Amino acid sequence: MRLVSIGNCYPGMVVGKPIYTERGNVLLASGVTLTDGMINRLKRRNVSVLYIRDGLTDDIEIDDGVPIELRAEANIRIKETFDELIKGNRRDGKKIRHFNIEKVQSVLDSLVKEVQKSKNVSKLLTDVYIHDDYTYAHCTNVTIYSLAMAVELKMTRGEMNIVGMGAMMHDIGKILIPKDILNKKGKLSPEEFEVIKQHSEFGWEILRNEPSVNNLSANCAYQHHEKLDGSGYPRGIKGEEISRYARHLAVADVFDALTSNRSYRSAMLPHEAMEILYTGTHSQFDPYYLKAFQKAVATYPVGVTVTLSSGETAVVTEYKFNYPDRPTVRVIKDSHGNNVDKPYEIALSNQLNITITGCDAIL
C-alpha cells in the first residue's frame, strides 16, 4: 500500500489502513471504497493523507510502530493535564495547581518502551488519525521524535525520561495564552507575537513549581525556542548556555510544527521541513541533535509517494539511513502520468542521475 495526500485521492480508491479519531476509535475502516462525500468529510476534518491499496503496491508492508491506542492515550493524558491546570493559574503563571504526574509518567514509560523496541522511528508516525487540537497532538509527536533521537544517541533511561517529560509538557504554558491569539488565522501582529512568546516563561513557572517534575524537564518548556546564535526567546541566550535537552527537543519541535497543518498555513512536505532545519544548522539548531534526528527519522518513509527528476511517480519501498535522500523506490507511473505496465524498482543510492523532486504525502 502507499500514502497518498488527500488532494490526490479520488472516488473508487480503496482505503489501505483505518483512519482513527483522536481517542483511537475507527472513523473509516480498511477496505472501504472512497466516495466524493467521504473525501470531502475527511478534508473538513483536516486529514492530510490516506493509505491506499492500488494493486501496484499492495505487497509493501508498513509497520504500525507506536500503537494508535497509545498515541491516543498520550493525547488524552496531555489534554487532561493541561485542562487540570487552566483553572488554577493566573496569566502571570502564579498560584500553581499541581497536576497528576502519575498519569503522564505512565504514558511516557509506555512510549519509551515502544520507541526502544522499534527498529526506526520512520514506522512510528504512520497511522492516520484525526486530532481536534493541534497542541496536544503536537506534544505527543514531539515526544516520540525526541525519544527516537534519544535512542539514536544511546541516552540512559533517566535521560530519556527527562527529555520525554520535557517534550510532553513543553507547551503547557499555552494554557495561559488567550485562545483568540493562540488560534488566530492569519499573521500575528508584533504585539500578539509578544503575547505568544510568554508561553515559554509561563510553562517554566508551572513546571518548576511541580515537585515531581525534574527541573531539567521544566527547562525544556523555558528554553525550547532559544537559538544557538542568541536570536531566540525568552532570554536570547546562546550556544551551550541553552540546556542540552532543550537543544535536543528544539529540532523535533520545529520539524513537527512545520509538517503540521495550522490555522494560518498548510503543512510543509517532510523534505522541505528538513531543508529548513539544515539551513539553520549552527545558527539555530545544534548539529549534534540535528544529525541524530536525521538518523532516527525517515524523511521518505516506506510507502510514501514521490516524484522523480525523470518525471516518473514512485513509492518508497526501502529507506536508506546512510542515504536519507536516496531510498529505494518502485516506479508506478511514467513521466506522462500513466500507470506503467510492469512496476520496477530503482535504488537511488546507486542511480545517482535520478533524484527525488517532490513528495506527495504530508506525514
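Everything numeric in this text was worked out from a predicted model, so none of it was measured. Residue indices begin at 1 and follow the sequence shown.
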Any Lys/Arg nitrogen of Glu159 or Arg244 sitting under 4.0 Å from an Asp/Glu carboxylate oxygen of the other?
yes

Salt-bridge present (Glu226, Arg235; N to O < 4.0 Å)
no

On a heavy-atom basis, the closest approach of Ala296 and Glu152 is CB-CB, 4.2 Å

Should Lys320 and Glu318 count as an ion pair when the cut-off is N to O under 4.0 Å?
yes

Do Val306 and Val316 have side chains that get closer than 4.5 Å, going by heavy atoms?
yes

Atom NZ of residue position Lys43 - does it have more than 12 heavy atoms of other residues, nucleotides or ligands inside 6.0 Å?
yes

Taking the side chain as C-beta and beyond, is there a heavy-atom pair between Val251 and Tyr145 under 4.5 Å?
no

What closest approach, in Å, do Pro234 and Ser200 show between heavy atoms, and which atom pair accounts for it?
CD-CB, 4.1 Å

Side-chain donor or acceptor of Arg326 paired with backbone N/O of Leu348 under 3.5 Å
yes

May I ask whether Val104 and Ile175 are part of the same hydrophobic cluster, defined by side-chain heavy atoms of I, L, V, M, F, W, Y residues being less than 4.5 angstrom apart, directly or through others?
yes

The side chain to side chain contact (heavy atoms under 4.5 Å, CB included) partner of Met149 among Lys291, Met160, His248, Lys295 is His248

Give a yes or no on whether the backbone of Val107 and the side-chain of Arg77 come within a donor-acceptor separation of less than 3.5 Å.
no

Treating Asn141 as the side-chain partner and His138 as the backbone partner, does any N or O pair qualify as donor plus acceptor under 3.5 Å?
no

Any link between Val112 and Met155 through a network of hydrophobic side chains (Ile, Leu, Val, Met, Phe, Trp, Tyr) touching at under 4.5 Å?
yes

Side chain to side chain contact (heavy atoms under 4.5 Å, CB included) with Asp171: which of Thr135, Val142, Ile78?
Thr135

Does the side chain to side chain donor-acceptor pair (under 3.5 Å) test come out yes or no for Asp229 and His282, once each step is laid out?
CA-CA 8 Å; Asp229 61 4; His282 297 291; over 6 Å; no

Hydrophobic cluster membership, Tyr288 vs Leu249, 4.5 Å side-chain cutoff:
no

Validation row: Val331, Leu308 side chains within 4.5 angstrom (heavy atoms):
yes

In terms of side-chain heavy atoms, does Tyr245 have a donor or acceptor partner in Gln223 at a distance below 3.5 Å?
no

Lys184 and Glu192: salt bridge (charged side-chain N to carboxylate O under 4.0 Å, His left out), yes or no, with the steps?
CA-CA 10 Å; Lys184 180 180 177 180; Glu192 289 170 332; 2.7 Å; yes

Let me see the working for Thr57 and Asp54 under side chain to side chain donor-acceptor pair (under 3.5 Å), right down to the final yes or no.
CA-CA 6 Å; Thr57 57; Asp54 58 7; 2.8 Å; yes

Is any side-chain heavy atom of Pro327 closer than 4.5 Å to a side-chain heavy atom of Val329?
yes

Set out, in order, the CA-CA distance, both residues' side-chain angles and the distance that settles salt bridge (charged side-chain N to carboxylate O under 4.0 Å, His left out) for Asp59 and Arg53, then state yes or no.
CA-CA 9 Å; Asp59 62 314; Arg53 294 194 179 277; over 6 Å; no

I'd like to know whether His224 forms a ring-ring contact (aromatic ring centres under 6.0 Å, His included) with His199, so could you lay out the CA-CA distance, the side-chain angles of the two residues, the decisive distance to 0.1 Å, and finally the verdict.
CA-CA 11 Å; His224 67 280; His199 81 274; 5.5 Å; yes

Checking Ser106 against Asp109: is there a side-chain donor and acceptor pair closer than 3.5 Å?
no

Give a yes-or-no answer on whether the side chains of Thr140 and Asn75 include a donor-acceptor pair shorter than 3.5 Å.
yes

If the threshold is 4.0 Å, N to carboxylate O, is there a salt bridge linking Lys238 and Glu241?
no

Could you tell me whether a side-chain N or O of Thr305 sits under 3.5 Å from a main-chain N or O of Leu3, the two making a donor and an acceptor?
yes

Closest heavy-atom pair and its distance - Leu108, Met165:
CD2-N, 3.5 Å

Between Tyr319 and Tyr300, is the ring centre distance below 6.0 Å?
no

Identify the heavy atoms of Thr357 and Ser309 that sit nearest to each other, and give their distance.
CG2-CA, 3.7 Å

Aromatic contact, His170 with His225 (centres under 6.0 Å):
no

Common cluster, Val32/Leu34, ILVMFWY with side-chain heavy-atom separation under 4.5 Å:
yes

CG/Asp341: more than 12 non-hydrogen atoms of other groups inside 6.0 Å:
no

Could you check whether any side-chain heavy atom of Leu70 comes within less than 4.5 Å of a side-chain heavy atom of Leu111, counting everything from C-beta outward?
yes

Quick one: does Thr313's side chain have a donor or acceptor within less than 3.5 Å of a partner on Lys333's backbone?
no

So with a 6.0 Å cut-off around OH of Tyr278, is the heavy-atom count from everything else above 12?
yes

For the residue pair Ile196 and Ile177, establish whether any side-chain heavy-atom pair is separated by less than 4.5 Å.
yes

Please work out which of the three classes, parallel, tilted or perpendicular, describes the rings of Tyr222 and Trp204, given edges at 30° and 60°.
parallel

Hey, quick one: are Val14 and Ile39 part of the same hydrophobic cluster, counting side-chain heavy atoms closer than 4.5 Å, chains of contacts allowed?
no

Main-chain N/O of Arg330 paired to Thr317 side chain as donor or acceptor, under 3.5 Å
no

Report yes or no: does Asp334 contribute a side-chain atom to a donor-acceptor pair with the main-chain N or O of Gly337 at less than 3.5 Å?
yes

Decide yes or no for Phe255 and Met274: does some side-chain heavy atom of the first lie under 4.5 Å from some side-chain heavy atom of the second?
yes

Should Val163 and Thr143 count as side-chain neighbours, where that means a heavy-atom distance under 4.5 Å?
no

